[in-house]
Amino acid sequence: FTGVVHIPVVVHVVYSTEAQNISDAQVQSQIAVLNRDYRATNPDVAHVPPVFAPLVADSRVEFHLATSDPDGNPTTGITRTSTTTASFPQDGNPIKFTAHGGHDAWPSDRYLNIWVSTIHSSQGGLLGYAQFPGGPAETDGVVIADTAFGDTGTAAAPFDLGRTATHEVGHWLNLFHIWGDDGTGCAGSDEVDDTPNQASENYGTPAFPHVSCSNGPNGDLFMDYMDYTDDAAMFMFTHGQAARMAATLEGARASFLD
Ligand code: ARG
Ligand code: ZN
Ligand code: CA
């Protein structure tokens with residue numbers, strides 16, 4: 001595609017406590033983060049080490065809260081659902097179904113669905129998870145913990161800069177984790193050519209360089225959104241990742257092209 005793709009977003013706030021019923025301002029702060037990060041206008045892109053700066057890409061995707069609902073009526077692009085579920089398991093995706101205490105998806109060929117609540121996996125708490133392109137429409141979209149959503153309100157450090165949604169929407173546009181999801185080995189790939197081969201995920205705020213898989217002297221691209229570092233330590237997508245997302249928007253998610 002040429003120019004910029006505009007993605008209508010619906011945020012389904014599902015709350016069992018008043019604190020979880022996050023403000024419109026917190027929702028809007030997340031949309032603003034997505035727009036900065038996907039256009040590479042985030043100020044912290046200046047922290048990319050100079051050797052990696054040529055890799056920084058404008059992904060040419062913008063997001064806005066939907067202004068019309070699936071029936072064509074005006075909407076804020078935010079749904080609010082009171083539930084008795086204190087924490088939603090990833091398994092089975094109950095948050096994505098009104099009948100299971102959550103909220104049904106809006107048509108996933110026209111909206112990016114984002115559900116926000118307390119969520120967990122079998123391993124414990126969870127910041128977020130996504131469905132890759134090609135899956136069932138009823139469960140398509142991303143789920144983000146209310147305490148990791150946006151950069152104001154209940155967002156809590158070190159995941160309080162909105163980067164969980166940046167990461168999960170990357171998956172929604174078919175990006176894989178930058179280390180290739182093969183544990184600590186060097187055989188796994190993210191199927192992107194310009195990201196250095198990397199052994200495993202990084203956490204926290206790593207010091208540059210972090211070398212693995214013979215990727216010295218510059219090492220891992222741990223400041224990429226598709227690693228697992230803290231929100232303050234991730235601030236870029238690469239040209240290769242932007243191309244992979246563009247291919248998705250010309251392929252499996254072409255219904256979003258203007
Ligand atoms: N799926 C990952 C998790 O839940 C998301 C990691 C997001 N990282 C971040 N810095 N916000 O662990
Ligand atoms: Zn991930
Ligand atoms: Ca790679």
Side-chain angles (χ1 to χ4, degrees), residues 26 29-30 33-34 36-38 42 44 47 52 55 57 87-91 93 95 114-133 135 141-151 154-183 185-206 210-216 218-245:
Q26 188 169 347
S29 79
Q30 181 62 73
V33 170
L34 288 169
R36 290 195 293 268
D37 289 354
Y38 278 80
N42 51 301
D44 54 357
H47 299 158
F52 286 142
L55 296 178
S87 178
F88 285 90
Q90 178 177 5
D91 203 41
N93 275 312
I95 196 173
I114 303 182
W115 289 269
V116 180
S117 193
T118 299
I119 51 177
H120 65 275
S121 69
S122 51
Q123 282 82 42
L126 192 61
L127 296 171
Y129 64 96
Q131 181 168 301
F132 284 91
V142 308
V143 184
I144 310 289
D146 55 293
T147 52
F149 194 71
D151 66 0
T154 63
F159 304 111
D160 57 346
L161 297 180
R163 262 63 194 259
T164 301
T166 301
H167 174 107
E168 301 305 338
V169 171
H171 287 314
W172 183 78
L173 289 170
N174 210 29
L175 293 187
F176 297 132
H177 290 136
I178 195 160
W179 67 93
D181 286 309
D182 63 335
C186 295
S189 170
D190 62 358
E191 308 294 335
V192 171
D193 285 337
D194 62 359
T195 55
N197 190 22
Q198 171 176 325
S200 50
E201 68 272 37
N202 292 287
Y203 293 100
T205 56
H210 179 255
V211 175
S212 70
C213 296
S214 308
N215 64 12
N218 300 334
D220 296 354
L221 194 72
F222 58 75
M223 66 295 304
D224 190 277
Y225 297 123
M226 300 317 288
D227 206 325
Y228 266 2
T229 53
D230 286 349
D231 279 15
M234 50 169 60
F235 23 75
M236 65 175 286
F237 287 120
T238 70
H239 293 285
Q241 289 174 318
R244 191 174 164 84
M245 292 192 278

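One-based numbering, in listed order, for ligands and for the atoms of each.
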- Query: Side-chain contact, heavy-atom cut-off 4.5 Å: Asn42 with Tyr225?
  - Reply: yes
- Item | Validation row: Met223, His47 side chains within 4.5 angstrom (heavy atoms) | no
- Query: So which heavy atom in the protein is nearest atom 9 (C) of ligand 1, and how far is it from that ligand atom?
  - Reply: Asp231 OD1, 3.3 Å
- Item | Proximal ligand 1 atoms for Tyr228, defined as those under 4.0 Å from one of its heavy atoms | 1 (N), 2 (C), 6 (C)
- Task: Assess the pair His171 and Phe132: is the distance between their ring centroids shorter than 6.0 Å?
- Result: yes
- Item | Contacts of type side chain to side chain contact (heavy atoms under 4.5 Å, CB included), residue Leu127, not counting sequence neighbours | Ala148, Phe159, Thr164
- Decide if the gap between the ring center of Phe222 and the ring center of Tyr228 is smaller than 6.0 angstrom. no
- Message: Please give me the protein atoms (N, O or S only) lying under 3.0 Å from the Ca ion (ligand 3), ordered by chain and number.
- Response: Asp190 OD1, Val192 O, Thr195 O, Thr195 OG1
- Determine whether the side chain, the backbone, both or neither of Tyr129 has a heavy atom under 4.0 Å from any heavy atom of ligand 1. neither
- Task: Distance to 0.1 Å, residue and atom name: give those for the protein heavy atom nearest to atom 10 (N) of ligand 1.
- Result: Thr229 O, 2.6 Å
- Distance-only side-chain donor-acceptor flag, Asp194 / Thr238, under 3.5 Å: yes
- Task: Would you mind running through ligand 1 and noting each atom that sits below 4.0 Å from a heavy atom of Leu126?
- Result: 4 (O)
- Message: Looking at ligand 1, would Ala148 count as a contact under a 4.0 Å heavy-atom criterion?
- Response: no
- atom 1 (N) of ligand 1 sits nearest the protein heavy atom Glu168 OE2, 2.9 Å
- Side chains of Asp220 and Ser212: donor-acceptor distance under 3.5 Å anywhere? yes
